[in-house]
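The block underneath contains the structure these notes are about, expressed in structure tokens.
Order of the sequence lines fixes the chain letters, A, B, ..., with proteins taken first and strands second; residue numbering starts at 1 for each chain. Quick note: numbers below take in every heavy atom, side chains included, and nothing from hydrogens, waters or symmetry partners.
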Amino acid sequence: MVLLPGYEPAPRDFFARDSLVVAPELLGGVLVRADADGTVAIRLTEVEAYGGERDPGAHAFRGRTARTASMFGAAGHIYCYFTYGMHHAINLVTGQVGQPYGCLVRSGEVLLGADLARRRRLAKPRVSPLPDWQLARGPACVAQSLAATRDNDGDDLFGGEWSFWLPVGHHALPHRTGPRVGLSGPSGDGAEYPWRYWLPGEASVSAYKPAAGKRAAVAP
DNA sequence: CCAACGATTAACT
DNA sequence: GTTAATCGTTGGT
């Protein structure tokens with residue numbers, strides 16, 4: 001069976017490197033979940049790199065906690081977290097064991113399972129039918145399309161419901177970089193680093209919003 | 001124990 | 001451009 005013609009499974013070693021190196025190479029790769037409900041495949045168009053203890057913007061910056069434990073484990077696993085009281089987001093864990101590196105999957109193009117992804121997105125009330133290019137536009141939308149929750153934290157990309165594919169002979173595609181989205185706080189929070197990577201011209205790439213919060217904090 | 005807030009989204013003025 | 005929704009995690013008392 002040729003699930004994805006022209007693609008081959010990424011080796012685990014692909015992930016066992018610095019997140020800054022892996023992130024741009026993830027673009028164009030395909031994240032797949034095949035469970036009892038069906039198969040959804042998403043071609044990544046936008047990711048962000050997080051660098052653990054050296055990175056003030058990373059969840060793992062202040063060391064290991066129960067929430068972030070999976071980021072400290074082996075590469076090629078999933079770190080899935082819950083935030084804003086309602087949303088989940090998926091990271092692909094990179095680096096060596098003990099290095100809490102990861103790449104946040106921000107957006108992608110649904111290659112397989114658009115109907116299933118749409119049903120999952122429609123689980124939340126909404127009006128008009130969702131266009132394909134909006135199914136996985138934004139980290140929480142990616143997680144919804146894949147039905148990922150905290151139950152999937154620590155899941156392996158090899159040998160389970162999940163898999164990750166790269167184009168045969170893959171090399172990093174032409175891409176752009178810029179500040180990561182949603183990091184807020186005084187300077188020193190990591191927002192100044194251009195660690196967001198995306199494929200230009202892709203409809204699924206989320207619109208850039210300058211880091212929320214911090215309106216002019218004028219001194220009294 | 002408890003208060004503050006977040007790697008967001010959708011809806012609204 | 002602004003804001004409600006909604007709750008687990010974190011860090012301080």
Practice task
Using distance alone, with no hydrogens and no angle criterion, decide if A:Glu46 and A:Ser204 have a side-chain donor and acceptor under 3.5 Å apart.
Solution key: no
Practice task
May I ask you to check whether A:Arg121 and A:Gln144 show a side-chain donor-acceptor distance below 3.5 Å?
Solution key: yes
Exercise for the section: For nucleotides 8-13 of chain C, just jot down a letter per nucleotide in 5' to 3' order: B, S or -, based on protein non-hydrogen atoms under 4.0 Å. Expected result: SSSS--
Practice task
Return the value, rounded to whole Å, for the distance between atom CZ of A:Arg180 and atom P of B:dT8.
Solution key: 11 Å
Exercise for the section: Kindly indicate whether a cation-pi arrangement holds for A:Arg12 with A:Phe14, taking the cut-offs as under 6.0 Å to the six-membered ring centre and within 45° of the axis. Expected result: no
Fill in the blank from the handout: Under a 4.0 Å heavy-atom cutoff, the residues of residues 15-30 of chain A touching DNA chain B are none
Fill in the blank from the handout: Which of B:dT9, B:dA7, C:dT6 is nearest the side chain of A:Met86? It is C:dT6
Practice task
Could you tell me whether A:Ala89 contacts a base, only the sugar-phosphate backbone, or nothing, with contacts defined as non-hydrogen atoms closer than 4.0 Å?
Solution key: nothing
Exercise for the section: Decide side-chain contact (heavy atoms from CB on, under 4.5 Å) for A:Arg43 and A:Thr45; before the verdict, give the C-alpha distance in whole Å, the side-chain angles of both, and the deciding distance to 0.1 Å. Expected result: CA-CA 6 Å; A:Arg43 175 177 173 266; A:Thr45 57; 4.3 Å; yes
Problem - Protein-nucleotide distance (A:Arg137, atom CZ; B:dT9, atom P), rounded to Å - result: 10 Å
Completion exercise
From CD of A:Gln134 across to C1' of B:dT8 the rounded distance in Å is 15 Å
Practice task
Mark yes or no: A:Arg137 above the aromatic ring of A:Trp133, with NZ or CZ under 6.0 Å from the six-membered ring centre and no more than 45 degrees from the axis.
Solution key: no
Exercise for the section: Would you kindly check if the NZ (Lys) or CZ (Arg) of A:Arg54 is within the cone defined by 45 degrees around the ring axis of A:Tyr101 and under 6.0 Å from the six-membered ring centre? Expected result: yes
Practice task
May I have the step-by-step check of side-chain contact (heavy atoms from CB on, under 4.5 Å) for A:His77 and A:Asp155, ending in yes or no?
Solution key: CA-CA 6 Å; A:His77 289 250; A:Asp155 279 4; over 6 Å; no
Practice task
Write down the distance separating the C1' atoms in C:dG1 and B:dA7, rounded off to the nearest Å.
Solution key: 22 Å
Problem - Nucleotide B:dT9, atom P - distance to NE2 of A:His88 in whole Å - result: 13 Å
Practice task
Go through the side-chain N and O atoms of A:His170 and A:Tyr7 and say whether any donor and acceptor fall under 3.5 Å apart.
Solution key: no
Problem - Protein-nucleotide distance (A:Tyr84, atom OH; B:dT8, atom P), rounded to Å - result: 5 Å
Exercise for the section: Rounded off to whole Å, could you give me the CZ-to-C1' distance for the A:Arg120 and B:dT9 pair? Expected result: 19 Å
Exercise for the section: Mark yes when over 12 heavy atoms from residues, nucleotides or ligands other than A:Arg62 sit less than 6.0 Å from its CZ; otherwise mark no. Expected result: no
Problem - Runs of at least three Watson-Crick or G-U pairs with DNA chain C, cut-off 3.5 Å - result: B:1-6 with C:7-12, B:8-12 with C:1-5
Problem - Parallel, tilted or perpendicular: ring planes of A:His88 versus A:Phe82, cut at 30 and 60 degrees - result: tilted
Practice task
Figure out the CG/C1' separation between A:Leu130 and B:dA11, and round it to whole Å.
Solution key: 15 Å
